[in-house]
Amino acid sequence: PIEFTTAEEAFAMEVSEAFGETARIRALERAGMPKTLANRALIGEPHPPSDEGKTMSGSTDVSEASWNAPTLQLWSTCFALGAPGHSWAITSTGQMSIGHKGMMHAAKAMAVTAAQLIDDPDLLAQAKAEFDQLTEGYTYKPAIPEGAEPPKPHI
C-alpha cells in the first residue's frame, strides 16, 4: 500500500470536499470499488482489477499501442478521490508528495511487471496468446492515414 501521512490525508480531504461526497461515490463506482470508501480522500491499498471488458474514456494515446501489442493499464492514487480530471484539484495534489508517492508506486509496479515478463517467457507467451485471441479477425487502422502530414502554417 501507499502510505500517506495524516497531513496528506487532511489536505486531500479538503480538496475532495470541494466537490463533495457524491463526487467520491461516483469515482468509486466508475472504478468498481466499494462505496464504503467514500469517507476517505486517498486510498493507498491495492484493489483487485475491476475493469475487464470495460472501455474507459480518457485522453491518452494508449489505444494506438493497445491494438498492436498486449497492454496493461494501472491506476495509482496521485490525487484526491472525486477530483475531476484536468482540474486545479488534480494539480494541487499531483505536484506534491501525494502525486509523487502515487507515481513512484505505479513506476515500481510497472518495473516489477516488466521484470516478471522478462524472467518468465511462458507468462509473456500467455499475454501474447490472449491478445491474439481478443483481437482475432480485427485489423487496426489508424485514424490518421499513413504518410499524412500536419498542415503547415502560412507565414
Side-chain angles (χ1 to χ4, degrees), residues 1-117 120 123-124 126-144 150:
I2 305 170
E3 294 183 21
F4 294 107
T5 66
T6 304
E8 290 167 334
E9 298 258 359
F11 179 75
M13 185 53 83
E14 188 177 341
V15 169
S16 182
E17 278 298 318
F19 306 97
E21 184 181 37
T22 302
R24 289 193 298 277
I25 291 171
R26 287 186 181 142
L28 291 166
E29 287 173 343
R30 282 191 307 274
M33 295 172 67
K35 293 180 196 174
T36 55
L37 298 171
N39 63 338
R40 297 171 54 191
L42 297 174
I43 301 166
E45 305 83 27
H47 287 268
S50 60
D51 62 345
E52 185 172 346
K54 291 181 184 176
T55 300
M56 299 174 68
S57 63
S59 53
T60 75
D61 57 1
V62 74
S63 68
E64 298 292 321
S66 70
W67 283 111
N68 294 287
T71 307
L72 171 82
Q73 189 163 339
L74 92 112
W75 293 79
S76 63
T77 300
C78 294
F79 53 86
L81 184 62
H86 307 285
S87 71
W88 66 266
I90 294 198
T91 303
S92 70
T93 51
Q95 57 83 32
M96 63 179 289
S97 56
I98 293 170
H100 185 257
K101 286 179 180 181
M103 288 182 277
M104 290 303 294
H105 194 77
K108 289 174 185 177
M110 291 165 44
V112 167
T113 301
Q116 288 174 335
L117 290 169
D120 187 347
L123 184 60
L124 182 57
Q126 279 180 296
K128 288 180 179 178
E130 180 181 319
F131 174 79
D132 290 343
Q133 177 189 359
L134 292 171
T135 58
E136 185 176 2
Y138 181 82
T139 302
Y140 176 72
K141 295 178 186 148
I144 300 173

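Quick note: residue numbers are just sequence positions, from 1.
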Query - Met103 side, atom CE; Ile2 side, atom CD1 - distance, nearest 0.5 Å - result: 10.5 Å
Report summary line: Sorted by chain and residue number, the ring-ring contact (aromatic ring centres under 6.0 Å, His included) partners of Phe19 (sequence neighbours excluded) come out as Trp88
**Report entry** Rounded distance (nearest 0.5 Å) linking atom CG of Leu72 with atom OG of Ser66
**Finding:** 11.5 Å
Report task. Give, for atom NZ of Lys35 and atom CG of Leu28, the distance between the pair rounded to the nearest 0.5 Å. Result -> 9.5 Å
Query - Atom CD of Glu14 with >12 non-hydrogen neighbours under 6.0 angstrom - result: no
Query raised in the report: Would you say Thr135 and Tyr140 make side-chain contact, with heavy atoms under 4.5 Å?
Result: no
Query - 4.5 Å side-chain heavy-atom contact, Met13 and Glu9 - result: no
**Report entry** Residue pairs passing the salt bridge (charged side-chain N to carboxylate O under 4.0 Å, His left out) test where at least one lies in residues 17-27, sequence neighbours excluded
**Finding:** Glu17-Arg24
Requested in this report: For residues 68-83, pull every pair meeting salt bridge (charged side-chain N to carboxylate O under 4.0 Å, His left out), keeping only residues two or more places apart or in separate chains.
Outcome: none
Requested in this report: Grab the two heavy atoms, one from Ala89 and one from Val15, that are nearest each other, plus how far apart they are.
Outcome: CB-CG1, 3.5 Å
Query raised in the report: Tell me, do Ser92 and Phe11 make a side-chain contact under 4.5 Å, heavy atoms counted?
Result: yes
Query raised in the report: So with a 6.0 Å cut-off around CD of Glu45, is the heavy-atom count from everything else above 12?
Result: yes
Requested in this report: Describe, in one word, how the ring planes of Trp67 and Tyr138 are oriented to each other, choosing from parallel (under 30°), tilted (30 to 60°) and perpendicular (over 60°).
Outcome: tilted
Query raised in the report: For Asp120, which residues count as a side chain to side chain contact (heavy atoms under 4.5 Å, CB included) partner, sequence neighbours excluded?
Result: Asp122, Leu123
Query raised in the report: Would you find a donor on one side and an acceptor on the other, under 3.5 Å apart, between the side chain of Thr93 and the backbone of Thr91?
Result: no
Report task. Can you establish whether the number of heavy atoms outside Leu134 located under 6.0 Å from its atom CG is more than 12? Result -> yes
Report task. Evaluate whether atom NE2 of His100 has more than 12 neighbouring non-hydrogen atoms of other residues, nucleotides or ligands under 6.0 angstrom away. Result -> no
Query - Residue pairs fulfilling salt bridge (charged side-chain N to carboxylate O under 4.0 Å, His left out) with at least one residue in residues 82-111, sequence neighbours excluded - result: Glu8-Lys101
Query raised in the report: Do any pairs count as a salt bridge (charged side-chain N to carboxylate O under 4.0 Å, His left out) and have a residue in residues 82-99, sequence neighbours left out, and if so which ones?
Result: none
Report task. For residues Ser87 and Pro84, report the shortest heavy-atom separation together with the two atoms involved. Result -> OG-O, 2.6 Å
Query raised in the report: Heavy atoms, side chains only, cut-off 4.5 Å: are Phe79 and Ile98 in contact?
Result: no
Query - Distance, nearest 0.5 Å, that separates CE of Met110 from OG of Ser76 - result: 9.5 Å
**Report entry** From Asn68 atom CG to Phe131 atom CZ, the distance as rounded to the nearest 0.5 Å
**Finding:** 6.5 Å
Query - Asp132 vs Glu136 side-chain heavy atoms within contact, under 4.5 Å - result: no
Query raised in the report: How close do Ala41 and Ser16 get, heavy atom to heavy atom, and via which atoms?
Result: CB-CB, 3.9 Å
Query raised in the report: Below 4.5 Å, heavy atoms only, C-beta onward: do Leu42 and Leu81 meet side chain to side chain?
Result: no
